[in-house]
Amino acid sequence: MKKILLTLVCIFTLILCGCAASKEDTQTKDDTKQESETETVENHLTYEEDGDAVTDAGVFGENVFVFSPDDAVEDVQKKADEIYKKQESNQFGDERYALLFLPGTYDSSLTVNVGYYTQVSGLGVMPTQTNIHKLWVNADWMYHNATCNFWRSAENFSIDDYCMWANSQAVSMRRVNSDDGIVLSDGEGWSSGGFIADSKFNGVVSSGSQQQYLFRNDDWNYYENGVWNMVFTGVNINKIPMGGWPYVPYTRVEKTPNVQEKPYLCYDGEHGYGVVVPKRRTDCQGISWNEGVTGTFYSLNQFYIATPKDTADTLNQALEDGKHLLLTPGIYSLDKPIEVNNPNTIIYGMGLATLEAADGNECMKLADVDGIKVCGLLFDAGEKESSTLLQVGTEKSHKDHSENPSCFSDVYFRVGGGKYAGKVKSCVVIHSNNVIGDNFWVWRADHSTNVGWDVNTAPNGIIINGDDITMYGLFVEHFQEYQTIWNGNGGKLYFYQSEMPYDAPDQKSYQSHDGTVNGYASFKVSDNVKDFEGYGLGIYCYNRDAEIEIHSAAEVPKVKGVKLHNICTVKLNGRGQIQHIVNDEGDATERGGNAMRIMEYENGIKQSN
């Protein structure tokens with residue numbers, strides 16, 4: 001098999017406030033854009049391909065719709081609305097979709113509403129090459145309460161109208177270029193997000209009612225609001241409101257230390273469809289594409305393009321043959337794990353492609369090798385208990401992957417709530433070192449069908465054994481023991497959100513340390529860890545079914561080198577309380593809605609202000 005490597009430097013003109021118009025009859029607002037100041041940017045892309053370019057969008061299957069600026073706007077709007085009508089409230093359905101927009105400027109009347117299990121993506125190298133005008137997500141279906149608006153994404157395009165993006169967990173906005181502002185809730189309705197990365201807004205970013213949020217490497221004119229735990233990493237600190245924890249809910253990390261931006265789909269006139277993997281960045285602030293894109297374009301002719309008809313055997317054979325995997329939208333029932341053994345393999349999920357554990361198996365196992373990229377997937381536990389759904393590396397690994405780490409972007413896990421009374425011991429186990437995680441939601445379902453203390457059973461959400469693991473945006477909720485167990489040294493965590501289980505039936509059923517301590521801490525750093533740092537942790541309780549006392553929200557060793565910055569606890573409602581924030585320190589959550597805070601904790605010493 002012949003592999004062709006091409007290096008190309010693309011130079012083009014970027015219109016600072018949007019995309020250049022593609023039609024003579026573009027409306028006045030777009031004409032004004034063409035008169036705006038321009039600058040030249042360079043894309044430095046290496047092209048990897050093997051054979052003829054893939055130019056036929058039919059390869060993506062019936063649940064992917066590819067639009068062109070030359071399409072009648074009425075047709076584009078009709079299809080977008082048709083998908084949204086199906087998906088607006090389809091919280092636990094099997095339908096999965098991707099709406100892809102070829103580069104160019106779309107009619108200014110277009111509005112794209114995004115429902116459940118829907119991916120909306122532009123196909124340019126730069127987000128400025130595709131303008132879809134208006135993006136919108138409200139919570140009308142739930143009376144403006146957006147706390148259940150999960151599982152959807154928007155990435156790699158421009159908009160030029162105000163945006164409502166009223167979502168919560170398992171949602172990502174990436175590489176969006178907006179000529180206006182954005183609000184992250186639907187009016188005064190509740191919202192519990194969220195994650196925005198590598199995006200730019202030329203207006204105001206208002207978090208509205210959002211309880212917590214992670215903003216990573218974003219840019220805007222102005223930011224406002226915040227409730228309990230708003231974390232900013234790689235954002236210009238001069239564009240974040242003044243004030244410090246505990247008086248305002250803001251955690252500021254001036255530079256993001258080590259991040260791999262999510263791979264994204266792209267269409268190139270010469271090279272066809274492919275996946276761009278941006279170059280990994282270190283000690284960075286702001287968006288990655290401000291001066292062009294540096295990275296690698298992998299032609300789709302290097303991918304096995306999977307459909308839900310595929311089995312674990314066919315997927316594993318493709319991987320063994322040296323292919324990357326592109327999983328088109330749908331449900332993949334697996335009776336054995338997808339085994340990823342080759343370094344630098346890309347596993348790209350479209351439309352929240354979902355991997356179901358059909359026989360008590362893992363859904364995916366990664367060898368302890370360099371540079372694997374996994375993104376855009378939902379892992380679903382089955383009726384028969386699995387040991388885990390995702391295993392990364394092998395136990396007691398000593399391999400150093402710091403020069404080429406494996407990375408996970410927009411990866412979500414679900415136990416129960418859908419058609420299965422899911423059962424798993426822990427959703428994720430990470431053994432490899434140097435792994436980067438970027439937006440995880442690990443969720444034991446608290447509502448819908450197949451839910452109950454003895455129904456969707458799962459002791460732990462995520463177990464991290466590897467050293468030097470970096471996590472941006474870790475959301476872990478409702479597991480029956482520790483939500484998160486961190487065993488590795490050198491860990492870095494930027495934003496943590498966790499709700500403890502709602503449904504513990506009595507205190508005796510929810511006790512740790514061999515029944516000697518009330519409740520389980522959400523966040524557990526093991527006693528042998530000597531070096532760990534966490535920024536912006538929010539841990540909440542709602543003891544719905546019984547009077548439950550929880551001794552502490554976080555349990556960490558009292559040693560110099562294990563540090564927590566800006567941690568809070570909140571009693572959402574219900575009975576009982578969290579008695580302490582970290583170990584034996586911090587005030588109890590006696591009253592609902594009030595945040596208890598610690599600013600710094602290290603070596604058994606807290607600082608509250």
Quick one: side chains of residues 538-546, donor-acceptor pairs under 3.5 Å with protein atoms, not counting sequence neighbours, listed by atom name and distance.
| from | atom 1 | to | atom 2 | distance (Å) |
| --- | --- | --- | --- | --- |
| Y540 | OH | Q212 | OE1 | 2.7 |
| N543 | ND2 | I548 | O | 3.2 |
| N543 | ND2 | R575 | O | 2.8 |

Give a yes or no answer on whether the side chain of [X] reaches the backbone of [Y] with a donor-acceptor pair at less than 3.5 Å.
X: D506; Y: S509; answer: yes
X: N583; Y: V556; answer: yes
X: D218; Y: S199; answer: yes
X: S426; Y: T388; answer: no
X: S185; Y: A166; answer: no
X: D527; Y: P557; answer: no
X: R96; Y: L352; answer: yes
X: N487; Y: S526; answer: no
X: T251; Y: Y535; answer: no
X: S522; Y: Q483; answer: no

**Item:** Selection residues 165-175 - residue pairs positive for salt bridge (Lys or Arg N to Asp or Glu O under 4.0 Å), sequence neighbours left out
**Value:** R174-D410, R174-D438, R175-D198
**Complete:** Residue pairs passing the salt bridge (Lys or Arg N to Asp or Glu O under 4.0 Å) test with at least one member in residues 484-493, sequence neighbours excluded, are K492-E533
**Complete:** From the list F232, F475, F195, ring pair (Phe, Tyr, Trp, His ring centres under 6.0 Å) with F495 holds only for F475
Nearest-0.5 Å distance, [atom1] of residue [X] to [atom2] of residue [Y]:
X: Y213; Y: M230; atom1: OH; atom2: CE; result: 8.5 Å
X: N594; Y: T589; atom1: CG; atom2: OG1; result: 9.5 Å
X: I338; Y: L319; atom1: CD1; atom2: CG; result: 7.5 Å
X: N156; Y: L265; atom1: CG; atom2: CG; result: 9.0 Å
X: L355; Y: L327; atom1: CG; atom2: CG; result: 6.5 Å
X: H401; Y: C407; atom1: NE2; atom2: SG; result: 11.5 Å

**Fill in**
Shortest non-hydrogen pair, V411 vs V374, comes out as CG2-O, 3.8 Å
**Fill in**
Between S333 and A358 the two heavy atoms that sit nearest each other are OG-CB, 3.5 Å
**Message:** Which residues pass the side chain to side chain donor-acceptor pair (under 3.5 Å) test with D468, not counting sequence neighbours?
**Reply:** none
**Request:** Mind checking side chain to side chain donor-acceptor pair (under 3.5 Å) for K419 and listing every partner two or more places apart, or none if nothing turns up?
**Result:** D94, E356
**Asked** Does the gap between the ring centers of W443 and F479 come in under 6.0 Å?
**Response** no
**Asked** Can we call the ring centroids of W151 and W441 under 6.0 Å apart?
**Response** yes
**Prompt:** Once the angle between the rings of Y510 and Y520 is folded into 0 to 90°, is it parallel (under 30°), tilted (30 to 60°) or perpendicular (over 60°)?
**Reply:** tilted
Do the non-hydrogen side-chain atoms of [X] and [Y] ever get within less than 4.5 Å of each other?
X: E555; Y: V525; result: no
X: Q91; Y: H447; result: yes
X: Y97; Y: K86; result: yes
X: I550; Y: N518; result: no
X: V424; Y: F413; result: no
X: V171; Y: W165; result: yes
X: L366; Y: M364; result: yes
X: V455; Y: W453; result: no

Polar contact flag, side-chain donor to acceptor under 3.5 angstrom, [X]-[Y]:
X: E261; Y: Y264; result: no
X: Q210; Y: N225; result: no
X: Q497; Y: Q169; result: yes
X: T484; Y: Y496; result: yes

**Message:** One pair to check against ring-ring contact (aromatic ring centres under 6.0 Å, His included): F532 and W486. What are the steps and the verdict?
**Reply:** CA-CA 9 Å; F532 171 85; W486 203 299; 4.9 Å; yes
**Request:** Return yes when atom CH2 of W228 has more than 12 non-hydrogen atoms of other residues, nucleotides or ligands closer than 6.0 Å, and no otherwise.
**Result:** yes
**Request:** Determine whether more than 12 heavy atoms belonging to other residues, nucleotides or ligands lie under 6.0 Å from atom CD of E385.
**Result:** yes
**Request:** Determine, stepwise, if the pair T147 / N145 fulfils side-chain hydrogen bond (donor to acceptor under 3.5 Å, both in side chains).
**Result:** CA-CA 6 Å; T147 56; N145 179 348; 2.7 Å; yes
**Prompt:** Considering the options R444, Q480, H478, which one meets the side-chain hydrogen bond (donor to acceptor under 3.5 Å, both in side chains) requirement together with D503?
**Reply:** R444
Pairing of [X] and [Y] as salt bridge, 4.0 angstrom limit:
X: K262; Y: E155; result: yes
X: K384; Y: D359; result: yes
X: K365; Y: E339; result: no

**Qualifying residues under salt bridge (Lys or Arg N to Asp or Glu O under 4.0 Å), relative to K85, sequence neighbours excluded** = none
**Request:** Determine, step by step, whether L334 and E362 satisfy the side-chain contact (heavy atoms from CB on, under 4.5 Å) criterion, reporting the C-alpha distance in whole Å, the side-chain angles of both residues, the deciding distance to 0.1 Å, and the verdict.
**Result:** CA-CA 9 Å; L334 304 172; E362 303 97 335; over 6 Å; no
**Prompt:** Yes or no on side-chain hydrogen bond (donor to acceptor under 3.5 Å, both in side chains) for E549 and Q507, after CA distance, side-chain angles and deciding distance?
**Reply:** CA-CA 7 Å; E549 296 291 307; Q507 187 72 70; over 6 Å; no
**Request:** Would you please test D380 and T354 for side-chain hydrogen bond (donor to acceptor under 3.5 Å, both in side chains) and show each step?
**Result:** CA-CA 7 Å; D380 213 350; T354 301; over 6 Å; no
**Request:** For N456 and Y420, run side-chain hydrogen bond (donor to acceptor under 3.5 Å, both in side chains): C-alpha distance rounded to whole Å, both residues' side-chain angles, the deciding distance at 0.1 Å, then the answer.
**Result:** CA-CA 8 Å; N456 58 326; Y420 298 118; over 6 Å; no
**Asked** Going through the distances and angles, do K425 and E481 end up as a salt bridge (Lys or Arg N to Asp or Glu O under 4.0 Å)?
**Response** CA-CA 10 Å; K425 291 181 179 178; E481 296 180 8; over 6 Å; no
